[in-house]
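Structure first, then comments.
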Amino acid sequence: MNTMSVPSKNKSLFTAIREVVSHIPEGKVATYGQIAKKVGSNDARKVGWAIYNNQNPKVPCHRVVKKDGSVAENFSLGGWQEQKSRLLSEGVTFSTEKQVDLERHLWRI
DNA sequence: AATTTGACAGCGA
DNA sequence: GTCGCTGCCAAAT
(Lines give C-alpha, C1' and ligand atoms only; values in the text may rest on other atoms or scores of the structure.)
Protein backbone atom coordinates (compact mmCIF):
# COMPACT_ATOMS: atom_id res chain seq x y z
CA MET A 1 0.00 0.00 0.00
CA ASN A 2 2.90 2.23 0.18
CA THR A 3 2.39 4.22 -2.87
CA MET A 4 6.04 4.96 -2.91
CA SER A 5 5.87 5.43 -6.60
CA VAL A 6 4.33 8.75 -5.88
CA PRO A 7 6.31 11.16 -3.73
CA SER A 8 4.65 12.88 -0.86
CA LYS A 9 2.84 15.90 -2.05
CA ASN A 10 4.01 17.44 1.16
CA LYS A 11 7.41 18.00 -0.24
CA SER A 12 8.29 20.43 -2.89
CA LEU A 13 9.76 19.27 -6.12
CA PHE A 14 13.06 20.39 -4.71
CA THR A 15 12.98 17.69 -2.12
CA ALA A 16 11.57 15.10 -4.45
CA ILE A 17 14.12 15.75 -7.14
CA ARG A 18 16.96 15.87 -4.70
CA GLU A 19 15.97 12.54 -3.28
CA VAL A 20 15.62 10.85 -6.62
CA VAL A 21 18.87 12.19 -7.96
CA SER A 22 20.71 11.26 -4.82
CA HIS A 23 19.35 7.75 -5.23
CA ILE A 24 21.09 7.26 -8.50
CA PRO A 25 23.75 4.58 -7.98
CA GLU A 26 27.34 5.32 -8.89
CA GLY A 27 28.27 4.51 -12.40
CA LYS A 28 24.71 5.15 -13.53
CA VAL A 29 22.97 8.10 -15.07
CA ALA A 30 19.35 9.14 -15.34
CA THR A 31 17.58 11.37 -17.80
CA TYR A 32 15.73 14.49 -16.82
CA GLY A 33 12.52 13.09 -18.18
CA GLN A 34 12.89 10.00 -16.07
CA ILE A 35 13.34 11.96 -12.90
CA ALA A 36 10.58 14.30 -13.90
CA LYS A 37 8.17 11.40 -14.03
CA LYS A 38 9.48 10.09 -10.76
CA VAL A 39 8.61 13.25 -8.98
CA GLY A 40 5.18 13.29 -10.51
CA SER A 41 5.82 15.97 -13.06
CA ASN A 42 6.34 15.48 -16.73
CA ASP A 43 8.44 18.55 -16.85
CA ALA A 44 12.08 17.75 -17.27
CA ARG A 45 12.99 21.40 -17.04
CA LYS A 46 12.12 21.61 -13.41
CA VAL A 47 14.52 18.82 -12.64
CA GLY A 48 17.51 20.80 -13.72
CA TRP A 49 15.90 23.94 -12.52
CA ALA A 50 15.59 22.63 -8.98
CA ILE A 51 19.24 21.78 -8.78
CA TYR A 52 20.25 24.92 -10.57
CA ASN A 53 18.58 27.03 -7.93
CA ASN A 54 20.04 25.01 -5.11
CA GLN A 55 23.34 23.53 -6.13
CA ASN A 56 23.13 20.97 -3.35
CA PRO A 57 26.51 19.32 -2.89
CA LYS A 58 24.69 16.20 -1.80
CA VAL A 59 23.06 15.89 -5.19
CA PRO A 60 25.15 14.13 -7.81
CA CYS A 61 23.81 16.35 -10.53
CA HIS A 62 26.49 15.07 -12.86
CA ARG A 63 24.57 11.81 -13.00
CA VAL A 64 21.69 13.54 -14.66
CA VAL A 65 21.75 13.78 -18.44
CA LYS A 66 19.39 14.48 -21.28
CA LYS A 67 17.24 11.82 -22.82
CA ASP A 68 19.84 11.35 -25.51
CA GLY A 69 22.51 10.79 -22.94
CA SER A 70 24.10 14.09 -23.75
CA VAL A 71 25.27 16.11 -20.79
CA ALA A 72 23.85 19.51 -19.99
CA GLU A 73 25.67 22.11 -21.99
CA ASN A 74 24.79 24.77 -19.47
CA PHE A 75 26.12 22.77 -16.60
CA SER A 76 26.80 25.15 -13.77
CA LEU A 77 29.91 24.02 -12.05
CA GLY A 78 32.30 24.50 -14.92
CA GLY A 79 30.61 23.15 -18.01
CA TRP A 80 29.79 19.75 -19.40
CA GLN A 81 33.45 18.89 -19.25
CA GLU A 82 33.30 18.96 -15.48
CA GLN A 83 30.31 16.65 -15.55
CA LYS A 84 31.99 14.28 -17.93
CA SER A 85 35.07 14.18 -15.78
CA ARG A 86 33.05 13.14 -12.76
CA LEU A 87 31.18 10.48 -14.66
CA LEU A 88 34.40 9.03 -15.98
CA SER A 89 35.64 8.84 -12.41
CA GLU A 90 32.65 6.68 -11.57
CA GLY A 91 33.24 4.31 -14.40
CA VAL A 92 30.75 5.72 -16.83
CA THR A 93 31.65 5.37 -20.45
CA PHE A 94 30.85 7.86 -23.15
CA SER A 95 29.45 7.12 -26.53
CA THR A 96 30.56 10.47 -27.89
CA GLU A 97 32.35 13.48 -26.49
CA LYS A 98 29.19 14.75 -24.90
CA GLN A 99 26.97 11.69 -24.75
CA VAL A 100 26.90 9.02 -22.07
CA ASP A 101 26.44 5.45 -23.15
CA LEU A 102 22.84 5.05 -22.04
CA GLU A 103 22.85 1.46 -23.16
CA ARG A 104 25.26 0.67 -20.38
CA HIS A 105 24.64 3.29 -17.76
CA LEU A 106 21.04 4.39 -17.90
CA TRP A 107 19.60 4.02 -14.43
CA ARG A 108 16.48 1.89 -14.23
CA ILE A 109 13.92 3.16 -11.82
C1' DA B 1 -0.03 38.90 -6.78
C1' DA B 2 2.01 38.93 -11.34
C1' DT B 3 5.89 38.25 -14.32
C1' DT B 4 10.09 35.91 -15.53
C1' DT B 5 12.91 32.12 -15.51
C1' DG B 6 14.53 27.45 -16.41
C1' DA B 7 20.81 22.24 -16.36
C1' DC B 8 14.43 19.61 -21.20
C1' DA B 9 11.43 17.02 -24.48
C1' DG B 10 8.90 16.60 -28.63
C1' DC B 11 7.65 17.63 -33.10
C1' DG B 12 7.87 20.23 -37.62
C1' DA B 13 10.30 22.29 -41.59
C1' DG C 1 21.17 16.13 -39.74
C1' DT C 2 20.34 20.84 -37.98
C1' DC C 3 17.49 24.69 -36.50
C1' DG C 4 13.39 26.58 -34.19
C1' DC C 5 9.18 26.88 -31.76
C1' DT C 6 6.00 24.99 -28.41
C1' DG C 7 4.50 22.83 -24.07
C1' DC C 8 4.74 22.04 -19.17
C1' DC C 9 4.60 23.96 -14.41
C1' DA C 10 6.61 25.15 -10.09
C1' DA C 11 9.82 28.51 -7.77
C1' DA C 12 12.34 32.95 -7.70
C1' DT C 13 12.22 37.85 -7.98
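Owing to the predicted nature of the structure, the values given are computational and were not obtained by experimental measurement. By convention in this document, chain letters (A, B, ...) are assigned in the order of the sequence lines, proteins followed by strands, and residues within each chain are numbered from 1.
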How many Å lie between [atom1] on [X] and [atom2] on [N], as a whole number?
X	N	atom1	atom2	answer
A:Lys37	C:dC8	NZ	P	15 Å
A:Gln83	B:dA7	CD	P	13 Å
A:Glu82	B:dA7	CD	P	17 Å
A:Phe75	B:dC8	CZ	P	12 Å
A:Trp49	B:dA9	CH2	P	17 Å

What does [X] touch in the nucleic acid at a heavy-atom separation under 4.0 angstrom: a base, only the sugar-phosphate, or nothing?
X	value
A:Lys66	sugar-phosphate
A:Ile51	base
A:Asn42	nothing

So how far is it from A:Lys28 NZ to A:Glu90 CD, rounded to the nearest 0.5 Å?
12.0 Å
Using ring centroids (six-membered ring only for Trp), state whether A:Phe14 and A:Trp49 fall under 6.0 Å.
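Centroid separation for A:Trp49 and A:Phe14: below 6.0 Å.
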Looking at A:Lys58 and A:Pro60, what are the two nearest heavy atoms and their distance?
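Looking at all heavy atoms of both residues, the closest pair is O-CD, 3.3 Å.
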Taking all heavy atoms of A:Arg63 and all of A:Ile24, pick out the closest pair and write down the distance.
NH1-O, 2.9 Å
Restricting to nitrogen or oxygen on both sides, can you table the protein-nucleotides 2-6 of chain C pairs closer than 3.5 Å?
none

Looking only at side-chain atoms of A:Asn74, point me to the closest of C:dC9, B:dA9, B:dA7.
B:dA7
Among the nucleotides C:dA12, C:dC9, B:dG10, which one has an atom lying closest to any side-chain atom of A:Lys67?
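Side chain of A:Lys67 sits closest to B:dG10.
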Which residue lies more 5' along DNA chain C, comparing A:Ser41 with A:Phe14 via nearest heavy atoms
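Upstream on the strand: A:Ser41.
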Would you verify whether the NZ or CZ of A:Lys84 falls within 45 degrees of the ring axis of A:Phe94 while also being under 6.0 Å from that six-membered ring's centre?
yes
State, with a plain yes or no, whether a side-chain heavy atom of A:Trp107 is found less than 4.5 Å away from one of A:Val20.
yes
